[in-house]
Every structure is written in C-alpha cells, then in structure tokens.
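See structure below.
Just so we're on the same page: letters track the sequence lines, and every chain starts at 1.
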Number of protein chains: 2
Amino acid sequence: MTRPHLPTTTGLRVVVALAQHGTVSAAAQALNLTQSAVSKQLKALEDLVGLALFTRTSRGLAPTEAGVIYIAQARVALGALETAAARVAGLRSSRPALRLHVLPILGDRWFMPRFSRFVEAHPDIEVQFSTFAASDTIAEADVVFRFGDGQWPGWQADYFLGREVLLVGSPQFIARGGGIAAPEDAWRFPILEHRQTPLHWSDFATSHGIGEVRAERLVRLGYYSLVIRAAIAGQGLALVPRSLILDELASGQLVNPAGLGYMSRNCYWLTTPLDRPRSADLATFCEWALAEARETESASRPAPPAQTPRAASQRS
Amino acid sequence: MTRPHLPTTTGLRVVVALAQHGTVSAAAQALNLTQSAVSKQLKALEDLVGLALFTRTSRGLAPTEAGVIYIAQARVALGALETAAARVAGLRSSRPALRLHVLPILGDRWFMPRFSRFVEAHPDIEVQFSTFAASDTIAEADVVFRFGDGQWPGWQADYFLGREVLLVGSPQFIARGGGIAAPEDAWRFPILEHRQTPLHWSDFATSHGIGEVRAERLVRLGYYSLVIRAAIAGQGLALVPRSLILDELASGQLVNPAGLGYMSRNCYWLTTPLDRPRSADLATFCEWALAEARETESASRPAPPAQTPRAASQRS
DNA sequence: CTACTCCTATTCCATTTTGGACTAATGTTT
DNA sequence: AAACATTAGTCCAAAATGGAATAGGAGTAG
C-alpha cells in the first residue's frame with residue numbers, strides 16, 4: 001500500500017554486517033562487496049528511512065538509537081528468509097539438505113575460509129546455513145554451533161573450538177601501559193568484554209588465583225568481532241579464544257603477554273539434536289568439522305597445551 | 001556467508017500478493033506493477049528457491065506446499081520491515097507518525113482508493129501503514145482495524161464497516177443452478193467461506209430461521225479477496241460485507257439474489273488502545289476514517305437498511 | 001466447432017540500479 | 001608533518017527491473 005518504498009535485502013545485510021563489524025570496510029569484506037558499495041547501500045537505506053542509522057566516527061561506525069531498532073528488525077527479516085530457505089530446502093530433494101546454524105563469529109572466522117573444502121570433498125551434500133534465524137527455527141537445524149559449557153538438554157554436544165582463551169591486546173597499547181608480566185597487571189588496563197560471554201574475566205581471575213576483577217574500566221561490546229577490533233585498535237585488553245585470532249597473533253597485531261590465559265569451560269560446541277536420527281550426511285559433516293577444528297587448534301601453536309581438549313558428549 | 005543469494009523485497013511482496021489475490025494480474029494491480037513484472041519476479045524467486053512456489057492453473061495460481069512455507073516466512077520478513085519503519089518513524093520527528101495496522105482486504109479495497117484524500121486534506125500528518133506486522137508490533141499501533149464483534153479488552157472499538165453481509169454469487173452461476181428465491185435455496189450450491197470468519201454461514205442460517213448449514217460443498221479460502229474472486233468465477237456462493245463489493249455489484253459481476261443477507265455482529269472495527277493518550281492527529285484520522293466509512297456504507301445503496309449501524313465503544 | 005475471454009509466459013527494450021575502481025576528504029597516530 | 005586509517009563521492013560498465021506488446025493455453029458461450 002502507498003508505495004511502501006521497501007529497502008533492499010542487500011541493504012539489510014549491510015546494516016547488520018555494519019553493526020557486527022563496526023566499520024564499512026570490514027563489513028564490505030564480510031559481504032564480499034567493496035567499501036564503496038557498502039557505503040552507498042547504507043546511504044540509500046538511511047535516505048529511505050529518513051534518519052541516520054549510524055554515527056560516523058573516524059574509527060568506524062556505531063549504530064544510532066534508530067539504527068539499533070532498525071538493525072534488530074533487519075535481523076528478524078533476514079532470519080525469516082533464512083528460515084524460509086532452510087525449510088524449503090528440506091522439501092526439495094529426496095536427500096534433505098543439512099541445516100546448520102552458526103554464530104556470526106564462527107561464520108566469519110572459521111567457516112568462510114574453510115567451508116569450500118567441505119563442498120569440494122562432498123559436492124553431493126547440500127548444506128543450508130543460517131546465522132540470524134529465530135530460536136524456534138534454530139530448533140529445527142541439524143547442527144547448531146553454540147557457545148557455553150556443553151550442557152544443553154536434548155542436544156548432544158561435541159567440543160568444537162575455543163577452549164584455550166588468551167589475554168591479548170595491541171602490543172603498542174600494552175607497552176604504553178607499562179607491560180604485563182603477571183595476571184594482576186591486567187587490571188591496570190581497560191578491559192573489553194563480549195556481552196554474551198561475561199564470565200571470561202572472572203574465570204580468568206579465579207584461574208590465576210588473583211581474586212576479583214578490578215579493572216579500571218570495562219567496555220562491553222555486542223560482538224566478538226568488535227571485541228577483537230577494539231583490542232587491535234588499542235582500546236583495551238581482551239580475553240579471546242586463541243583459535244579465533246590465529247592470524248592476528250601471527251601478524252603481531254595482537255600479542256599474548258606472558259602467555260597469560262586459561263582453559264575455559266565455556267567454549268564453542270557442535271551440538272546436534274538427540275531426538276532425531278543421525279543421517280549419514282550429518283555424521284559426515286560432523287566428522288569433517290570436528291577434524292578441521294582439531295587441526296585449527298593444534299596448528300600454529302608454539303607449544304601444545306598441558307591438557308588436550310577432548311571431545312565430550314552427554315545427554316540429559 | 002557463502003553467497004546467500006537472497007531474494008528481492010519485491011519478490012517477497014509479489015509472492016505474498018499472489019497468495020492473497022490468487023492471480024498474477026490481480027497481484028500486479030495490487031502492487032502497482034504490470035502483469036509481466038509480477039510474472040518475472042515470481043519466476044526469479046522460484047529459480048532462486050529451486051522449487052515451484054505456485055501451481056499454475058488456467059484460472060490462476062495456488063501455492064504449493066513449498067509456497068505455503070515460503071510465503072509465511074516472506075510475510076514475517078515484510079512484517080519485520082514494517083515494524084522497523086514504524087518504530088523508526090516514531091523517532092523521526094517531534095510530531096510522531098500515526099501508526100496504522102490494516103487488514104489486507106481493507107487495505108486493497110478501502111484504503112488504497114481513498115487514502116490519498118486524507119493525505120491531501122492533512123499533508124502534515126505522517127502516517128505509517130502496516131499489514132504484515134507481527135502481533136507484538138500491532139500492539140504498538142495507534143489504530144488497528146480488526147474484524148470481530150467489537151470486544152477487545154483494552155481497546156476502544158468504533159464500528160467501521162461491513163455490518164451488512166450479503167449473499168452473492170455470479171449471475172450465470174446462480175441462474176444455471178436454478179436461481180435463488182428463498183434462503184434455503186442456497187444449500188443447493190457450493191458455498192465459499194473465509195477461513196478467518198467461519199461464522200458467517202451459520203449466522204446466515206439462524207438469522208433466516210432455516211436451521212443448519214447443509215450446503216453440498218464447502219470451499220474454505222484464506223483471504224477475502226480469494227472468496228470474492230471465486231464467487232465472481234462462479235465457484236460458489238459467498239457471504240460478503242456489502243461495502244467490500246460495491247463495484248462488483250454495480251457492474252453486475254456479482255448479484256445478491258432476492259436481497260438475501262443479514263446484519264452481522266462480526267464486522268470491521270476501528271480500534272484504538274485505551275492505555276495511551278489520544279493525540280490530536282489520531283483523533284483527526286479516526287474522525288476522517290469513520291466519516292468516510294459512513295459515506296461508503298450509505299453510498300450506492302438502493303434502499304437504506306432497516307437499522308443503521310451505530311458506533312459503539314466500550315472498555316473492559 | 002469456433003470465437004471469445006481470461007489467464008500466464010516470454011520477448012524486446014528503455015530505464016534504473018547496482019557495484020567496482022578511483023579519487024577526495026577527513027581525522028588519528030606516530 | 002607524514003603515514004595511515006577511515007568514509008564519501010564520481011564515473012562507468014554491467015545487471016536488474018519493469019513496461020508494452022505478443023504468443024499461447026484453457027475454459028466458456030453460443
């Protein structure tokens with residue numbers, strides 16, 4: 001009705017990616033677009049909406065109040081489309097598609113670079129991704145990657161990634177702050193926290209036997225990608241699963257002072273529903289993913305960890 | 001991730017409109033597009049999905065199983081975008097936009113042709129429409145048009161339209177079936193029912209004191225537009241609010257045999273939430289809408305009805 | 001059986017939109 | 001001040017969108 005002037009789906013993906021990556025260039029990379037395309041899509045969408053959705057700073061973009069609202073709905077819309085695709089894909093062939101739900105950070109940092117290998121090795125298995133789907137849709141997935149302690153009633157959980165959590169920061173930033181030799185030194189710096197995983201810092205403290213978290217400043221961010229970005233930009237110290245920042249560590253953008261870190265109970269798990277029979281395709285995929293993950297974790301590690309992460313699985 | 005090949009928003013609007021109107025041409029009209037554009041959008045979307053979303057019959061289109069699934073999600077997605085627009089519109093100006101939620105049939109048949117008049121008369125009032133929004137979003141609207149008996153706890157309900165329900169059908173179809181002189185004659189024909197308003201036929205029967213509904217065949221359709229279309233196509237008799245089919249009655253596409261019909265308790269209401277103060281804009285709009293509706297109801301009526309619909313309002 | 005009507009699919013084409021490469025502009029950091 | 005981020009804007013080629021017109025199919029009335 002009344003020329004609805006609807007946004008483009010690309011526009012929606014753009015704002016969501018922008019919120020997640022905090023910068024036009026990074027979002028562009030994540031979307032396989034150029035910086036200029038993203039910039040223009042954003043402008044177009046803002047013109048359509050009639051309000052700025054992001055405030056521009058020299059370091060990147062941050063959603064405005066309107067942006068937060070709009071982005072949330074954009075995510076709902078994209079989730080609906082993912083759900084539609086996933087459900088319909090199930091109908092399409094006699095061999096139903098494998099439905100995966102991945103967290104954004106894993107999608108960007110782990111799957112995107114690796115998944116083509118799986119497709120090459122198993123061209124006959126059709127895989128349907130989702131990252132925005134609503135929780136009721138997630139329940140339909142064949143594989144759900146989750147973050148937590150491995151306890152999800154009704155789901156088998158196999159350890160996937162991220163048990164080894166490192167204290168990291170930008171090298172210049174740490175040096176300027178006087179360096180870090182012991183765990184307590186961390187409290188002299190602002191610390192960065194991922195909103196969905198707030199336990200990391202207290203776990204860090206207790207695992208080093210240094211009591212309370214008493215950092216000078218705490219910055220809470222909504223996405224792991226933002227935490228990593230902020231750490232690189234020298235805005236604070238972060239606790240990040242090592243496997244997510246192999247590149248940054250290798251290139252020296254981030255350093256792990258004094259090898260501080262700990263083995264976290266909370267990490268990424270590959271979970272599969274227990275109430276459905278495991279198809280052969282599902283088994284194939286899980287095997288592949290777990291093997292690749294093991295390789296990721298052992299690769300480019302200076303020294304193997306004291307305890308090797310072991311696969312766990314339990315029902316409840 | 002992995003080129004999501006997302007659909008176009010136009011594509012989504014197209015499939016939703018198609019489901020609602022049952023025919024490419026009708027959907028095109030509703031969307032202000034040409035038949036060819038709609039046809040192509042549908043094809044593009046089906047190619048994308050990899051499955052037919054509609055089965056083509058010579059009389060129009062009907063959703064396939066996949067179509068039903070996809071369309072439902074498309075509606076969710078469009079609803080999210082409407083919600084986004086409505087919420088953000090509230091932020092935009094000091095004078096907040098008026099948020100309306102209309103039922104599809106009213107949008108097509110009543111608002112679309114009339115609303116420009118309101119805009120002309122009140123160019124300074126910004127109005128935000130939604131037709132697909134989810135129920136939690138509907139709760140935020142300033143005006144919700146509903147179908148029912150006028151009892152919605154927490155909402156003031158003013159009678160809007162559609163109290164006068166007529167028995168109608170295609171003239172040739174009725175003639176071929178032997179004509180209709182008395183209410184009971186209706187049972188010799190297949191009857192059409194709107195899925196969301198199943199009470200009409202039994203109300204019709206009781207209001208004429210002819211006992212049970214015992215038609216030879218019952219066709220249940222999801223949208224009023226489909227009911228009207230099916231009636232015109234001679235697929236059965238329908239009970240339709242007179243105000244929705246003024247054109248069809250005038251042009252003779254539909255006839256109302258023996259003036260049969262009844263005054264329904266269930267009709268369209270203009271409802272406004274009681275828990276929020278009434279803005280001046282809101283009052284202006286309601287006044288306009290109710291006046292226009294009264295005019296619609298009285299216009300082109302051969303004889304005024306025995307009892308005039310009267311505005312009602314109650315709280316609970 | 002034939003003309004007529006109502007539908008969809010398709011072809012052609014002008015127009016618009018999209019997105020990439022480049023350049024400009026601006027602010028931060030060293 | 002220079003180097004380095006970042007976003008915004010211009011230009012252009014390629015793709016898409018959508019309208020007009022056409023073709024074809026399936027009922028329907030006589």
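Side chains of A:Leu91 and B:Ile69 form a contact here, defined as non-hydrogen atoms less than 4.5 Å apart. With contacts defined as side-chain heavy-atom distances shorter than 4.5 Å, the pair A:Val219/A:Glu193 does not qualify.
Straight-line distance from the CG atom of B:Leu42 to the P atom of D:dT17: 14 Å, rounded to whole Å. Taking atom CG on A:Leu45 and atom C1' on D:dA8, their separation rounds to 17 Å, with Å as the unit. Separating the CD atom of A:Gln41 from the P atom of D:dG9 is a distance of 15 Å, rounded to the nearest angstrom. Here D:dT6 presents its C1' atom at 14 Å from CD of A:Gln235, a figure rounded to the nearest Å.
A:Pro190 and A:Phe173 make their closest contact through CD-CZ, 3.8 Å (heavy atoms, listed as atom of the first residue, atom of the second, distance). Residues B:Leu12 and B:Ala77 share a closest heavy-atom pair of CD1-CB, 4.2 Å.
At least one donor-acceptor pair under 3.5 Å links the side chain of A:Thr64 to the backbone N or O of A:Ala52. For A:Thr8 (side chain) and A:Thr10 (main-chain N/O), no donor-acceptor pair under 3.5 Å exists by modelled atom type.
Counting non-hydrogen atoms of neighbouring residues, nucleotides and ligands closer than 6.0 angstrom, the CD atom of B:Gln29 reaches no more than 12 such neighbours.
Of the residues in residues 14-21 of chain B, none has a non-hydrogen atom less than 4.0 angstrom from any atom of DNA chain D.
Across all strands shown, B:Thr57 has no heavy atoms under 4.0 Å from either base or sugar-phosphate atoms.
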Nucleotide-resolved protein contact map, nucleotides 19-25 of chain D, B/S/- at heavy-atom distance under 4.0 Å: BBB----
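Using a 4.0 Å cut-off between a side-chain N of Lys or Arg and a carboxylate O of Asp or Glu, A:Arg56 and A:Glu46 qualify as a salt bridge. Checked for salt-bridge contact, B:Glu248 and B:Arg109 meet the test: a charged N lies under 4.0 Å from a carboxylate O.
Ring-plane geometry between A:His194 and A:Tyr224 is classed as tilted, the angle between the planes lying from 30 to 60 degrees on a 0 to 90 degree scale. Using the six-membered ring where Trp is involved, A:Trp201 and A:Trp187 have ring planes that are tilted, between 30° and 60° apart.
Bounding nucleotides for the chain A contact on DNA chain C, 5' to 3', at a heavy-atom distance below 4.0 Å, are C:dT18 to C:dT29.
Within the structure, every pair that satisfies the side chain to side chain donor-acceptor pair (under 3.5 Å) test and touches residues 79-89 of chain A, not counting sequence neighbours, is listed here: A:Glu82-A:Thr131, A:Thr83-A:Thr137, A:Arg87-A:Glu140.
Every residue meeting the side-chain contact (heavy atoms from CB on, under 4.5 Å) condition with A:Gln20, not counting sequence neighbours, appears here in chain and number order: A:Val16, A:Arg75, A:Pro104, A:Asp108, A:Phe132, A:Tyr223, A:Ser225.
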Interface polar pairs with nucleotides 28-30 of chain D, N/O, under 3.5 angstrom:
{"residue": "D:dT28", "atom": "OP1", "partner": "B:Arg59", "partner atom": "NH1", "Å": "3.4"}

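Where A:Ser25 and B:Ala44 meet DNA chain D, the nucleotide closest to each residue was compared, and A:Ser25 sits on the side nearer the 5' end.
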